[in-house]
Amino acid sequence: MYPFRKIEAKWSKKWQTSKVYEPNLDKAKKPFYNLMMFPYPSAEGLHVGNMYAFTGSDIYGRFKRMSGNDVFEPMGLDGFGIHSENYALKIGKHPAEQAKVSEKNFYKQLQMIGNGFAWNEHLETYDPEYYKWTQWLFIQMYKNGLAYRKKQAVNWCPSCKTVLADEQVEGGKCERCGTIVVKKDLEQWFFKITKYADRLLKNLDKLDWSEKIKIAQRNWIGKSTGSLIQFKISNFKFQNNIEVFTTRPDTIFGATFLAVSPELAREWISAGWSENKEVVEFINKTIKGRGDTAAEAIKEKEGIDSRLKAVNPATGEEIPIWVVNYVLPGVGTGAIMGVPAHDERDMEFAKKFNLPVSNAPLVDADVITKKVKGKRTTNYRLRDWLISRQRYWGPPIPMIYCDKCGWQPVPEKDLPVLLPKIKDFRPTGTDKSPLATHKEFYEVKCPNCKEKARRETDVSDTFLDSAWYYLRYLDPKYKNGLSNPKRIKRWLPVDMYIGGAEHAVLHLLYVRFVALALHDWGYVDFEEPFKQFRGHGLLMKDGAKMSKSKGNVINPDEYIKKFGADAIRMYLMFLSPFEDGGEWRDEGLTGITRFLERVWKMGDQVTGNKQQVTSNWIHAHIKKITEDIETLHYNTCISELMIFLNNLSEKGGTKADFNVFLKLLAPFAPFITEELWSELGNKKSIHSESWPEFNARHIMQKYFDLVIQVNGKVRAKVAAQVGLSESDARKLALKSEKIGNALSNKEVKKVIYVQNKLINFVV
RNA sequence: GCCCGGGUGGCGGAAUGGUUUACGCAGAGGACUUAAAAUCCUUGCCCAAAUUUUGGGUUGUGGGUUCAAAUCCCACCCCGGGCACCA
């Protein structure tokens with residue numbers, strides 16, 4: 001085995017001191033910001049899935065560096081928040097203590113994987129110098145009317161003991177712990193992401209992002225166009241109208257009832273409506289039931305006739321108003337027109353409760369909307385971002401409540417609001433954060449009137465920390481704002497962002513929203529933070545996602561120690577296309593270790609000219625690898641490198657040829673290539689060298705295999721000269737005995753000739 | 001139910017209208033060796049006839065377009081992922 005341990009340790013150190021991976025952030029001429037999603041240190045150490053993602057991103061960065069760009073590839077830790085806190089709780093440590101341990105472990109491991117990180121710019125979201133600006137961001141949201149408090153039914157995770165945003169509920173379960181989420185009526189802080197729904201949707205068309213992610217975001221934003229239509233209520237003293245939203249105003253003649261959510265009906269009760277005991281009971285029961293089963297789908301349609309009547313504005317007919325469980329609050333107006341003839345759900349309901357079904361004709365949507373004095377409108381599925389968390393390990397929300405002055409932001413000069421180190425950091429489960437029991441924390445003076453006031457004790461969502469980190473990397477110590485404005489101009493937006501596709505509607509949506517807000521406030525001149533985004537696939541083991549409970553987790557350290565980082569990097573990238581993910585199988589490593597051994601030996605075998613590339617066949621390899629690395633098809637790059645090496649040993653190559661090979665291999669296996677490169681007498685780091693260029697002239701071959709087909713079936717292959725004419729090809733084909741036999745006694749009806757490829761006789 | 005991927009040897013995968021199975025793993029045979037490991041070479045789907053050649057078939061299934069289909073079109077089956085009484 002080649003001495004990878006020695007080599008990898010040696011070059012890790014040298015790269016650090018020689019600063020190969022530190023671009024000049026103020027003067028770089030061709031800045032290229034190569035960003036990867038920073039990890040949550042929510043385990044003992046780095047997961048091989050992290051290494052998979054980082055290697056794929058690093059290869060791209062190294063390729064761009066060798067192609068003449070000043071590549072900036074920073075790394076940090078998304079260490080604040082529920083992920084890390086849950087881990088600390090699990091192992092019974094204080095999150096602040098655990099953060100120090102994780103930080104050390106993660107950074108040690110991140111040094112080993114062979115990435116070209118710009119370590120000068122590392123950052124941690126729990127650093128007060130960082131979260132000072134997360135808090136500043138909250139205050140700007142508040143000052144610009146994008147942060148507000150509201151009481152409503154919100155998602156509550158009984159295990160994490162905190163509220164969650166809609167994006168953090170997956171199939172009715174908590175994104176973090178998998179517990180079934182319930183609904184609770186609570187007053188919370190929200191960010192008005194819905195204000196940007198339309199721009200978040202429209203801008204997607206301009207982005208060079210994985211199509212999958214764009215589709216997921218479009219679906220999540222969920223734009224639908226329809227009409228708002230008022231229905232008069234004929235026998236109700238508290239209210240004259242009900243407004244419904246419908247995407248099918250053209251079916252209004254078939255509307256035979258109105259269906260309202262129990263939440264809407266409850267508002268009428270608060271207004272004094274309590275005429276019927278049964279109806280009131282139904283409303284209370286249904287709302288309560290929702291709290292228990294949370295986001296679970298309603299299995300059976302239930303409803304009750306409210307005894308109120310509405311008038312269908314199209315027909316003038318009086319129709320009943322029902323309170324039903326299948327109309328949800330916060331969707332549209334919380335009231336719909338029931339059209340059994342055109343809606344499956346309304347039909348199901350109508351059948352169950354014997355409501356009439358009318359097969360009235362369809363009409364033009366625009367015309368009818370106008371006629372009934374309705375309004376054409378757009379509705380979005382997207383909800384505002386619930387930002388409060390009743391947890392400890394996060395940035396305290398920088399707001400103060402005063403009985404006299406109401407909510408006041410903490411003055412910017414007083415930031416950061418430091419998270420105090422308390423002993424009772426465990427989530428309380430009482431709708432309040434652990435900080436709510438600490439007077440020394442929450443007893444403050446009102447910034448406005450200086451009277452006694454109370455500090456907000458909730459912290460903000462982890463996803464706010466990561467919604468702006470790419471800005472901070474540019475100057476992690478910057479004192480006068482989020483980040484250094486000159487560097488923002490030079491480096492942003494990010495040129496390439498690579499990370500997990502599971503963040504499609506979480507991080508990747510929030511980060512776009514925050515950028516839009518910063519743009520509108522004048523802090524950045526771009527609307528979209530990432531020009532390109534590519535989502536990598538999932539790394540599996542034994543047909544399943546790696547997880548500790550399944551016992552199929554691969555520890556990268558162990559394998560790096562045994563085979564070297566270069567081997568693991570290459571093995572991971574050789575599995576399958578990077579964007580598809582792949583399955584880890586120990587046996588597969590053999591092929592790569594053999595390959596690297598042969599590369600090592602080749603260093604001694606090549607001789608001859610060092611200056612000039614003599615073998616023309618290498619140009620085709622350069623072309624293929626260059627094109628495939630651009631599209632992240634790393635598995636085929638590695639295959640091509642293997643063929644290149646086979647050719648070097650079969651056809652024999654010079655030192656110059658081998659130099660080209662090493663350069664092409666360098667992004668994948670940075671250590672061994674650097675070592676061999678220096679052994680061949682090169683002074684500069686291979687990673688600062690220029691990427692090989694190919695000459696199309698040399699790729700042109702003289703001969704090719706002419707495929708001869710009869711009726712589309714391959715009958716023979718003969719060597720032929722490139723540029724062969726059709727008639728010569730025909731002659732050549734007929735010379736072959738097989739073809740002669742196949743064509744004898746048959747009339748050739750047609751001949752198809754594809755230059756430099758094949759000839760097909762149709763008989 | 002809706003949306004998005006995908007289905008190719010024993011396995012991971014390659015090929016996006018023109019030679020199916022590049023590259024690699026595993027397997028079989030051989031060389032080297034006292035032996036083993038390592039290394040190197042050969043081999044590599046199915047069926048039939050003939051004895052190492054010939055013919056036919058083969059990219060989830062069925063159909064279509066085309067001189068030619070893994071690739072394009074239609075229908076269906078299966079697997080993975082996302083969304084889900086969104087009005």
**Request:** Go along nucleotides 20-25 of chain B 5' to 3' and tag each nucleotide: B for a protein heavy atom under 4.0 Å from its base, S when only backbone or sugar atoms are that close, - otherwise.
**Result:** S-BBSS
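- Each of A:R715 and A:K757 has a nearest nucleotide on RNA chain B; the 5'-most of these lies closest to A:K757.
- Sequence neighbours left out, the pairs with a member in residues 331-347 of chain A that pass side-chain hydrogen bond (donor to acceptor under 3.5 Å, both in side chains) are A:Y326-A:D346, A:D343-A:R345.
- Scanning for side-chain hydrogen bond (donor to acceptor under 3.5 Å, both in side chains) contacts around A:W322 gives an empty result, with sequence neighbours left out.
- Comparing B:rG13 with B:rG24, their C1' atoms are spaced 9 Å from each other, to the whole Å.
- Taking A:F661 as the reference, A:F644, A:F658 meet the ring pair (Phe, Tyr, Trp, His ring centres under 6.0 Å) condition, with sequence neighbours excluded.
- Contact annotation for A:K749: no contact, since no heavy-atom pair falls under 4.0 Å across all strands.
- The shortest non-hydrogen separation linking A:W617 to A:K651 is NE1-CD, 3.7 Å.
- The residue among A:I752 and A:D346 whose nearest nucleotide of RNA chain B lies closer to the 5′ end is A:I752.
- With sequence neighbours excluded, the residues satisfying ring pair (Phe, Tyr, Trp, His ring centres under 6.0 Å) with A:W584 are A:Y559, A:Y571.
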**Asked** In dot-bracket form, how is RNA chain B paired, counting a Watson-Crick or G-U wobble pair only if both its distances are under 3.5 Å and using | for bases paired to another strand?
**Response** (((((((..(((.....[....))).(((((.......))))).(((((...)))))..(((((..]....))))))))))))....
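- Going from atom CG of A:L596 over to atom C1' of B:rU39 covers 16 Å, rounded to whole Å.
- When distances run from any side-chain atom of A:K717 to the nucleotides B:rC3, B:rG13, B:rU19, the shortest one goes to B:rU19.
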